[in-house]
Structures are given as C-alpha cells and as structure tokens.
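Reading through the structure tokens given below for one structure.
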Amino acid sequence: MTAKLFSPATDEAVRECSEIIKSGGNVVFPTETVYGLGANALDPKAVDGIFKAKGRPSDNPLIVHLAYPEDAEKYAYTNEKYYALAKAFMPGPLTVILKKREIIPDNVTCGLDTVGLRVPSNPIAHRLIELSGVPIAAPSANKSGRPSPTEYAHVVEDMGSDAGAILDGGESEIGVESTVIRLTDGGVEILRPGRVSPEDLENAGFKVTVNKGVTHPVANDEKVASPGMKYRHYAPKAKVVILDGERTKVIERMKAEYKNGCGILCFEEDAEEFGKTNVQTFGRERDAVSQAKRLFDSLRAFDGSDVKIIYSRMPDSNGVGLAVTNRLLRAAGFAVEKI
Ligand code: TXA
Ligand code: MG
C-alpha cells in the first residue's frame, strides 16, 4: 500500500489532496457517478501518471473535471448549446465533448482535437477541484478493464498501490459513469449513456440520437466516435452471458446452470429462486436507477468466488436502463443468448 488513505474525507484531507494535485501527483476521489483517479489536466507528466497507474491504453482520452460550467471557456470552444446543456444538467453526471483549446495537453485527449468536460456535483469532488485551482483530468479509478469503482473498498483494492492518495466518499450515489454526448447539427448524440437519459435530454429540449456503438460491438479497426467503445470493459474475471427472454424461461435456464456451479446475476425479486452462494442481485426489475447503482459492485463481488461463468438477466433498456444495458453488454463482451 503506497497510497495515503483518507477515511473519512474531511475538509483537511481534501485540502491535503489538493496539494498533491498541485504538485503533479494523482488522487482517487469520489464523484456522484463512480470514483475517479485525478491529476492536474494542464500537466502532461501528471496526466501520464494516470495512464500508468490504471494501465490504460494510450489512445483512450480522459474527461476533464471543472468546478463551474463557465470554466469551460478556458479549455474549449463553447457555444449556446453547451450553456443550455449546462443550465439543465450541470453540475451533474453529464460530459460534453467540445473542440479543445491549445492549453489542454495532447495526452489528455490522446491527440484528438476535442475534449470531454464535466462538472461533478459531488461536494468532495467540487471542493477538490476548487482547492486545486486547476482542471482535473480523471478516468474512473479502476484498473483498466475492470468494473468501475463505486465504493471505497473497490478503490483501495484497485489503486491502493498505485495512487498518491485515496479519499473515502462512501458509496457512489449513481453507480455508472456520466452520460457522454457530442453536439450534432440538430441536437446531441449519446456516445455513452448514463444517469442523464435520452428522455431527460429530450425533455430539456434537445433532439437526441444514440450512437450505434452504445448497443453494438465495434470491430477493432472500425473508426469510433469515442475510443472507449473499442475496449472490453467492466469485466469480472468470470465470463458473463446475458439471457434475454421471458422471465419464467430465463429463470428456469438459470436454475439449471446454477446447479452446474455457475454464478447468477439477477434482480432482487429473483433471488429467492436460488441459494445464497454465487448469487448477486443488481437492483429491482422495474427500477433502472437501482440497477445502475448496484451493477458494478455485484460484478466485482464475483471475483471473490471461483465461478467460471455468470448468467445474467437482461435489463430493460428504456431511460436509465440504456446505461445499465450498455455496461452489462460490455461486461459480457456482447454475449447474449435469446431464450
Ligand atoms: O462519470 C464519469 O464520467 C467518470 C467520473 C470519474 O467522472 N469518469 C469516467 O472516465 O468514466 P473514463 O475515462 O473511465 O471514461 C471516459 C469516456 C471514455 O469512454 C472515453 O473514450 C470518452 O469518455 N471520451 C473522453 N474524451 C473523449 C473525446 N474527446 N471524444 C470522445 N470520447 C471521449
Ligand atoms: Mg472507465
């Protein structure tokens, strides 16, 4: 363990961590979505440290976190639509891709001429950015490929040996990463779904399209709108297979696989159909918000068992369910069996 641990994250601890950021180090901090691994976005060496600590591919750009929506002026070319989005959703779980200004180092954006900007609502995240006095580049604080961390124990496990410090902010409120959008001629395009759903964006007056990569696999050599789409993500050690079909039939199949020693990832209402071991639930069947909050923790929990295959129920993909479906599909490497 080399990371300085701050549990709980007192104001004094946040202040000490802001000094670490200022001096070029990195800090794991809570946000309302998932934990992030942050460093000074204007310091290419500090940014490089993030890629090393995570084992992140060098072509997957980082989101830059700001204390206030107006700070975007300094780092990107904004427009009316950005401010309309900011008014509706910031601070909060939305990342907007804009054309970047020169001041943002190339390794933050991996050579792209755009940058993702987000203003987190979590008070610890906000205070850390404000005290640091710089924008904070931060990916999710997991080792590359693993489920994003939604609890203090997850970040200690993944980053305890590699981060400069870790701030304990308890359980993440939302549980899946921010909605990533880019601006299109007519409206916005979702590159990664999150707690800000297509419906939320539409209700705020934006015409919404969803990039195909959100629900479909992309080939390795295909040009993608967001580099994150290329990688297998959120994966526990065991293989995940999603079963899609009518509840009774899916449960019947799951019971048979459970007898063979497979893991079960199901909704709370289904749990009584199975025993106590090798079974994890992710929220309630008709409540995507509860599913988002539980999914990554449940995927991680399987790493403590020796199951080789996990059978999961397919969530509904409406509203926030699009984010849950997207993460589960990626965890499964798009392995879906229709029943
Ligand atoms: O909720 C979140 O967004 C969390 C917390 C810590 O803020 N952060 C997060 O970062 O999820 P990360 O690095 O795990 O995911 C960033 C995603 C990746 O899929 C990346 O490809 C995409 O955003 N992205 C970043 N900059 C981009 C850009 N300029 N153009 C397209 N996609 C971009
Ligand atoms: Mg991530």
Side-chain angles (χ1 to χ4, degrees), residues 26-39 41 47 50-51 53-66 75-77 89-101 104-122 124-126 128-129 135-150 154-155 158-159 163 167 169 172-183 188-196 211 213-214 218 223-235 292 296 323 326-327 330-331:
N26 58 45
V27 172
V28 173
F29 64 101
T31 84
E32 68 278 21
T33 56
V34 302
Y35 278 81
L37 173 67
V47 168
I50 292 178
F51 282 91
K54 268 194 71 122
R56 182 173 178 104
S58 61
D59 65 348
N60 196 5
L62 307 179
I63 292 171
V64 173
H65 296 68
L66 308 172
Y75 312 112
Y77 295 92
F89 300 108
M90 291 182 190
L94 181 74
T95 296
V96 182
I97 310 281
L98 294 173
K99 193 161 181 339
K100 85 174 189 78
R101 288 188 193 270
I104 296 290
D106 276 345
N107 64 345
V108 170
T109 64
C110 300
L112 296 176
D113 63 355
T114 54
V115 62
L117 298 177
R118 154 158 146 74
V119 180
S121 61
N122 178 289
I124 297 171
H126 176 79
L128 180 69
I129 304 165
I136 294 186
S140 50
N142 50 286
K143 287 281 177 197
S144 200
R146 297 207 72 204
S148 295
T150 55
H154 299 166
V155 281
D158 275 21
M159 288 299 156
L167 286 164
S172 307
E173 182 193 329
I174 294 173
V176 291
E177 308 86 339
S178 62
T179 305
V180 177
I181 58 171
R182 65 177 175 187
L183 311 184
V188 300
E189 182 185 22
I190 295 180
L191 304 183
R192 181 179 71 182
R195 179 70 175 78
V196 173
N211 190 276
V214 165
V218 292
K223 189 174 178 331
V224 292
S226 182
M229 287 173 179
K230 283 191 301 195
Y231 299 102
R232 178 146 189 246
H233 271 317
Y234 319 120
F296 287 147
N326 166 268
R327 302 312 190 276
R330 291 187 166 272

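We count ligands from 1, going down the list as the structure has it; atoms in each ligand are counted the same way. If you're wondering where the values come from, they're calculated on a predicted model, not measured in any experiment.
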Taking [atom] as the reference point, the nearest protein heavy atom with its distance:
atom                    : result
atom 25 (C) of ligand 1 : Pro61 O, 3.5 Å
atom 15 (O) of ligand 1 : Arg192 NH1, 3.0 Å
atom 22 (C) of ligand 1 : Ser226 OG, 3.3 Å
atom 14 (O) of ligand 1 : Ser140 OG, 2.9 Å
atom 3 (O) of ligand 1  : Ser178 OG, 2.6 Å

message = If only side-chain N and O atoms count, and only distance matters, is there a donor-acceptor pair under 3.5 Å linking Ser140 with Glu177?
response =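 Glu177 vs Ser140: no donor-acceptor pair found between side chains.
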
message = Assess, by modelled atom type and distance only, whether the side chains of Thr31 and Arg118 contain a donor and an acceptor separated by less than 3.5 Å.
response =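 A donor-acceptor contact under 3.5 Å links the two side chains.
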
Which of the numbered atoms in ligand 1 are under 4.0 angstrom from any heavy atom belonging to [X]?
X      : result
Gly228 : 19 (O), 21 (O)
His65  : 5 (C), 6 (C), 7 (O)
Ala225 : 31 (C)
Ala138 : 8 (N), 10 (O)
Gly36  : 6 (C)
Thr114 : 28 (C), 29 (N), 30 (N)

Nearest heavy atoms of Gly55 and Ser144, plus distance in Å =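 Heavy atoms only, the tightest pair is O-CB, 3.1 Å.
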
Smallest separation among heavy atoms of Pro120 and Ile129, with atom names =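 Result for this residue pair: CG-CD1, 3.8 Å.
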
Below a 4.0 angstrom heavy-atom separation, can you tell me which part of [X], side chain or backbone, both or neither, approaches ligand 1?
X      : result
Arg182 : neither
Asn60  : side chain
Arg56  : side chain
Ile97  : side chain
Met229 : neither

Working to the nearest 0.5 angstrom, can you tell me the gap between [X] [atom1] and [Y] [atom2]?
X      : Y      : atom1 : atom2 : result
Asn26  : Met159 : CG    : CE    : 8.5 Å
Phe51  : Asp59  : CZ    : CG    : 8.5 Å
Ile136 : Leu37  : CD1   : CG    : 10.5 Å
Glu173 : Glu32  : CD    : CD    : 7.0 Å
Arg56  : Asn142 : CZ    : CG    : 8.5 Å
Thr179 : Phe89  : OG1   : CZ    : 8.5 Å

request  = Could you walk me through whether Tyr75 and Arg101 pass the side-chain contact (heavy atoms from CB on, under 4.5 Å) test, one step at a time?
outcome  = CA-CA 5 Å; Tyr75 312 112; Arg101 288 188 193 270; 5.6 Å; no

inquiry  = Any non-hydrogen side-chain atom of Arg192 less than 4.5 Å from a side-chain atom of Ser226?
reply    =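 Not in contact.
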
Would you tabulate the side-chain donor-acceptor contacts of residues 90-100 under 3.5 Å, counting partners in other chains and residues two or more places apart, or write 'none'?
residue, atom, partner, partner atom, Å
Thr95, OG1, Ser178, OG, 2.8
Lys100, NZ, Ile104, O, 2.6

ask   = Near the Mg ion (ligand 2), which protein N/O/S atoms fall under 2.8 Å?
value =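 Near the Mg ion (ligand 2), below 2.8 Å, one finds Ser140 OG.
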
message = Donor-acceptor check, side chain of Arg327 to backbone of Pro193, threshold 3.5 angstrom: yes or no?
response =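 Side chain of Arg327 to backbone of Pro193, a donor-acceptor pair under 3.5 Å: yes, one is there.
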
task = Could you establish whether Ile63 and ligand 1 come within less than 4.0 Å of each other, counting only heavy atoms on the residue side?
result =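 Heavy atoms of Ile63 do come under 4.0 Å of ligand 1.
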
